Amino acid sequence: MRGPPTILRSLLREIRQRLGAILLLGALGAVGSGLLIGMLAVFYDLDASRARFYREQRLADFSLSLKRAPQSALEPVLRHPGVRHLEGRVRIEARVDLPDSPEPITSTALSLPRVRRPVLNDILLVSGTWFEGSREDQTILNDAFARAHDLRPGDHLEALIMGRQQRLLVVGTALAPEFVYVLPPAGGIVPDPARTGVLYLPLDTLQDWSGLNGAFNEILGLAWDLRPGPLRSTLRDLERELDPYGVTLSLTGEELPSVQFLDNELHELQTSATILPALCLGVVGLVLHIVTGRMVTQQRTTIGTLRALGYTRSFIVRHYLGYGLVVGLGSALAGMALGLWIQSAMIRMYQDYFELPDLRADLYPGLLAVALGVGVLFAVAGTVQAALRASRMNPAEAMRPPAPEKGGRILLERLPGLWDLVPFWGKLVARSIFRNPFRSMVCVLTTLAATALLVESLCMVAALHVMIDHEFRHTSHQDLTLSLREPVGRELLSELGALPGIMAVEPQLVVSADLSRGAREKRTGLTGLVEGNRLSTPLDQQGLPLRIPEEGLVLARKLAEILDVGPGDTLLLRPLTGTRQTRRAPVVAVVDTYMGLGAWCRLEYLSRLIGEEWAANSVLLDLANPRPERALLEELSRRPGVVGVEQRVRALEKIQQLMDQNFGTSLLILILFSGLLAFGSVLNTAMVSLEERRREVGTLRVLGYSPARVALVFAAEIGLLSAVGIGLGLWGGIGLVHLVVQAYSRELFRLPAVIPPEALFQSAAVMLLFVALAQVVVWRLVARLPWLEVFKVRE
Amino acid sequence: MAIEGGERRTHVEGQPQPLLTVRSVSKIYRMGEVEVPALREVDLEIREGEFLVILGPSGSGKSTLLNMIGGMDRPSSGQVLFGEQDLTRASDRQLTLFRRHQIGFVFQFFNLVPTLTALENVQVATDLAREPLPAREALRIVGLEDRADHFPSQLSGGQQQRVAIARALSANPRLLLCDEPTGNLDTTTGAQVMELLEQLNRERGKTVVVITHNALVSRMGDRTAEIRDGRIVRLEIQPHREPARSLPW
Ligand SMILES: Nc1ncnc2c1ncn2[C@@H]1O[C@H](COP(=O)(O)OP(=O)(O)OP(=O)(O)O)[C@@H](O)[C@H]1O
Ligand SMILES: [Mg+2]
């Protein structure tokens with residue numbers, strides 16, 4: 001054959017005729033491929049950067065916090081067959097005072113060798129140098145904190161460490177693998193670099209200041225077997241061996257909050273990178289299936305003619321696969337550009353969000369190739385059936401005038417009484433819907449999926465708002481929280497209560513403890529509340545305050561399930577502070593709360609469990625002015641034993657700011673995504689229906705129907721189908737919310753399944769808007785249809 | 001393979017050679033339980049260079065027979081021989097090549113590709129042919145060179161049929177099979193189309209088979225086969241062909 005076959009031109013002209021529809025379909029495919037490429041590329045970027053950072057800076061496989069362990073304590077532990085390597089370091093709380101911050105900033109001081117050598121949980125210097133000489137007063141800061149306060153090497157800062165005020169010279173700033181996601185040590189779920197200070201100091205200095213000469217209070221280690229089971233059991237052995245040194249906490253590397261957060265984020269990224277593209281590309285495939293199926297039916301005589309002229313079966317197959325190939329290739333190529341843009345935009349966002357070195361948008365030729373392949377595959381798969389059907393047509397058969405269109409009475413017509421009541425145009429609509437069940441189903445399913453997706457996203461945002469309200473408005477009422485290094489007695493309370501501007505004072509005691517019953521065991525935090533607690537009122541899911549008995553514990557449902565206990569059972573309880581002696585404690589009640597592992601009791605009862613008569617390690621304050629004066633904050637933070645002062649309003653603002661930033665854009669993107677999905681599928685249904693019924697349209701126009709009247713028939717068809725889809729989508733969305741809530745119901749907290757009516761209305765409204773847009777396009781198409789030509793050429 | 005060979009026609013003096021032989025061909029369509037016999041043991045020879053008219057009422061099996069001759073479909077029993085080649089035993093691909101190189105079809109409903117211009121519709125056939133007539137030349141022969149860039153929807157029925165003839169002609173086939181080529185045309189246009197076919201047969205030596213239910217057409221052919229109920233009931237030779245122009249259309 002010389003040159004490209006002429007018949008290809010017909011392919012190109014048909015594509016040009018349907019350009020709008022094909023571009024729309026291509027756009028949907030491009031969004032699919034783009035999301036696949038963009039999100040997976042970001043996943044690879046993050047994963048690579050994280051892996052590199054963890055490896056090069058040697059993130060520990062586990063850590064143990066203890067009271068005091070001399071170097072000699074490490075030697076026997078090192079002989080444990082599961083342990084590969086151990087190192088000790090010092091971690092103490094520090095309070096940083098900065099001129100640009102009214103309240104002191106709860107920070108962590110960590111030791112590093114004075115002379116640089118590779119250690120576990122090493123740092124990566126971003127600016128400045130390592131410690132120099134034997135000076136005591138030098139520190140390296142975590143980079144995010146330094147940036148937030150505009151601190152540079154050469155600057156000084158004031159810090160209170162172990163009760164001593166120190167003026168420290170900043171010699172460098174650094175990133176660390178254990179602080180990729182910088183959560184404030186004082187608590188919270190969103191990063192707040194300005195409130196998250198990490199100060200690295202020379203080991204000898206820190207040992208000296210904290211009275212840990214030649215000893216450590218944290219042990220970092222590497223293990224041989226990193227599977228969760230064996231690692232946990234190794235850790236349990238170590239805890240037992242090191243028990244004399246007062247182990248308070250043991251964590252596997254994966255349990256580090258920063259590591260966990262990053263892990264979750266990557267996990268979610270991967271899930272979205274599969275579901276959203278699959279949805280888009282699936283719709284592209286289905287719609288192509290419908291469109292090309294219709295085309296083959298319509299072009300049977302052309303197919304017969306080509307076969308009569310001597311074109312082969314395989315040529316016909318290739319001809320029709322061509323549509324899939326053009327749409328698939330075009331959209332995949334556009335998707336590549338979109339994907340690369342998505343990647344760079346998301347990486348820029350993550351650069352702010354995570355303190356990862358060297359996080360950059362890399363090019364992944366393999367990913368691009370796979371995405372290209374997947375994009376083409378979905379589109380071609382959508383055309384395969386039509387292409388095969390075309391090739392299987394017997395040429396003689398294809399040449400015969402087509403049998404009258406699928407006649408067959410639809411079910412409705414068999415109910416004569418009812419059918420007679422349906423107006424003329426209603427009959428047209430009903431026949432079109434029921435004679436093309438597959439097409440109608442795809443239209444319903446896509447609007448369903450798009451609506452469900454929207455409902456789910458809106459409900460998740462609502463759930464987070466409920467959680468935040470629950471935590472910050474209904475459970476906590478204090479304006480300030482003072483954290484104390486050591487439990488203290490009642491005297492502090494009266495002192496604080498006497499200060500001007502303080503309306504109420506409420507003590508709390510929070511103790512980590514191992515709870516066990518038989519073989520079941522769980523470590524959790526116990527919160528001790530005073531009688532008549534007003535500033536902190538833990539609630540159950542109904543919003544009722546928990547009733548705390550004089551003696552015994554109230555457990556959250558999830559914790560009770562883990563321990564397999566109910567009211568009336570007795571637990572063994574071993575606090576990790578104080579005397580650390582195992583006690584028996586009765587379970588009085590089990591409650592449903594959002595905090596999965598919560599356990600509550602009376603402060604006095606908890607004090608006795610740790611061997612004190614009365615103790616508190618945090619104090620909640622109610623102020624006359626919820627935004628405290630600088631003087632008051634300084635007064636409070638200067639008190640000995642106070643390691644942190646947190647404002648509730650500030651934490652709340654921080655969270656809301658993050659939510660507005662992140663959810664605002666993601667919601668907008670999701671709305672556009674769902675809209676495009678519905679718009680694309682609905683419009684295509686209408687266009688195929690329109691094409692199929694060109695003669696009908698022509699006839700109606702000849703009879704004097706206006707374009708708008710004719711369009712009404714199509715509007716009614718897609719309106720009806722999408723209404724069903726949206727309706728079912730609302731249901732589906734509610735189901736999806738429950739599914740997601742179930743899946744996300746982690747140990748730490750469970751998301752509430754909130755389904756605000758506004759979310760349903762808003763979803764329906766957005767979908768209706770996009771469907772209406774599609775209607776307008778259909779109306780324009782009907783108006784522009786060259787209806788006279790319909791009668792001129794036999795197709 | 002012989003059919004692919006495209007051997008040039010050899011002019012044999014005296015009795016023309018059979019180009020294609022139909023031997024006791026039957027075709028039975030099965031529609032569920034019902035069997036429709038469309039052809040019953042039909043015997044027919046098509047001779048090199050002749051103008052054969054197949055005449056019969058609607059539903060008598062004319063199109064079915066033409067499909068057997070043109071390798072579009074296979075008989076239920078019997079043989080179709082093209083020279084030495086048994087088309088009933090040919091593979092699907094061999095039949096495709098047979099149609100490509102030996103046959104030109106003209107259909108009642110023209111069957112042009114609506115998205116291609118007149119010229120391109122002809123090129124669709126020349127793309128495949130081994131020794132095609134240039135597409136423009138084919139259009140010139142049917143008198144439509146000035147309409148080369150028109151789309152089918154911009155042509156009259158007669159013009160569309162002439163494009164279809166140009167298409168059938170351009171691949172330079174030995175056998176032109178026309179299924180009611182004037183069925184959708186008014187008498188004057190129909191007459192013009194018949195004249196064109198006559199001219200192709202006389203001047204270019206194409207073997208032409210024309211299906212019709214118009215008895216008048218028989219007068220311009222070399223022979224007429226009359227078909228009724230799937231059987232050839234009469235085979236008549238016209239010693240004197242009348243020119244299409246002189247017939248009382
Ligand atoms: N694919 C088919 N399935 C079933 N029956 C068929 C099929 N094709 C043709 N027939 C039947 O075979 C018989 C012959 O049909 P054919 O098309 O050959 O008639 P025809 O002589 O060309 O008629 P017309 O002049 O109307 O074109 C008719 O009764 C027709 O109904
Ligand atoms: Mg016929």
Side-chain angles (χ1 to χ4, degrees), chain A residues 1-19 295 298-317 319 322-323 391-403 691 694 698 785-795, chain B residues 27 29 38 63-64 66-68 70-74 92-117 119-130 132 135 151-157 160 164 167-168 170-171 173 177 179 184:
Chain A
M1 209 176 285
R2 300 149 288 261
T6 310
I7 191 71
L8 264 188
R9 290 203 204 154
S10 103
L11 183 79
L12 294 180
R13 285 201 190 115
E14 275 162 29
I15 287 177
R16 206 184 309 146
Q17 270 175 12
R18 298 178 167 82
L19 196 61
M295 250 159 80
Q298 203 170 21
Q299 298 177 351
R300 43 178 276 144
T301 8
T302 301
I303 295 164
T305 309
L306 290 177
R307 296 281 284 128
L309 290 177
Y311 282 84
T312 57
R313 276 177 204 279
S314 61
F315 183 90
I316 303 285
V317 172
H319 182 77
Y323 284 90
S391 82
R392 268 193 234 110
M393 280 184 182
N394 174 335
E397 194 79 10
M399 298 303 293
R400 287 172 58 78
E691 201 150 293
R694 283 163 71 98
L785 186 80
W787 49 276
L788 261 181
E789 275 185 22
V790 166
F791 298 103
K792 275 191 82 178
V793 188
R794 263 186 62 97
E795 286 180 334
Chain B
K27 178 72 181 180
Y29 290 110
S63 297
T64 308
L66 202 75
N67 285 340
M68 301 302 147
M72 295 267 278
D73 205 352
R74 293 164 194 275
D92 198 72
R93 177 162 179 85
Q94 286 168 336
L95 280 184
T96 302
L97 291 175
F98 166 70
R99 293 195 298 269
R100 183 186 293 182
H101 297 302
Q102 312 295 351
I103 304 291
F105 283 100
V106 177
F107 305 98
Q108 180 178 358
F109 296 107
F110 329 137
N111 294 0
L112 300 180
V113 181
T115 43
L116 294 179
T117 62
L119 183 69
E120 288 163 349
N121 261 291
V122 178
Q123 282 168 344
V124 166
T126 58
D127 277 348
L128 294 180
R130 249 191 262 109
F151 283 93
S153 60
Q154 298 164 326
L155 295 173
S156 73
Q160 288 186 50
R167 178 176 66 188
S170 63
L177 300 180
D179 191 348
N184 270 293

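Computed from a prediction, not measured in an experiment: that's the story for all the values here. Chain identifiers are assigned alphabetically (A, B, ...) following the order of the sequence lines, protein sequences preceding nucleic acid strands; residue numbering begins at 1 within each chain.
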If one checks every heavy atom of A:Arg13 against chain B at 4.5 Å, the contacting part turns out to be side chain

Which answer fits A:Leu12, side chain, backbone, both or neither, if we ask what part of it has an atom under 4.5 Å from a heavy atom of chain B?
neither

Sort B:Phe110 into side chain, backbone, both or neither according to what part of it lies under 4.5 angstrom from a heavy atom of chain A.
neither

Could you verify whether a donor N or O on one side chain and an acceptor N or O on the other, from B:Asn111 and A:Thr301, lie under 3.5 Å apart?
no

Run the side-chain hydrogen bond (donor to acceptor under 3.5 Å, both in side chains) test against B:Arg74 and tell me which residues pass, sequence neighbours left out.
none

Nearest heavy-atom neighbours spanning B:Thr115 and A:Ser10
OG1-CB, 3.2 Å

If you compare all heavy atoms of A:Ala308 against all heavy atoms of B:Arg99, which two are closest, and at what distance to 0.1 Å?
O-CB, 3.4 Å

Which residues satisfy the salt bridge (Lys or Arg N to Asp or Glu O under 4.0 Å) test with A:Arg313, sequence neighbours excluded?
B:Asp92

With respect to chain A, which residue among B:Val124, B:Asp73, B:Leu66, B:Asp179 yields the maximal number of heavy-atom pairs within a distance under 4.5 Å?
B:Val124

For the CD atom of B:Glu120 and the CD1 atom of A:Ile7, what is their distance to the nearest 0.5 Å?
9.5 Å

Nearest 0.5 Å please: distance from the CD1 atom of B:Ile103 over to the CG atom of A:Leu309.
11.5 Å

Donor-acceptor contact below 3.5 Å, side chain B:Asp127 vs main chain A:Thr6:
yes

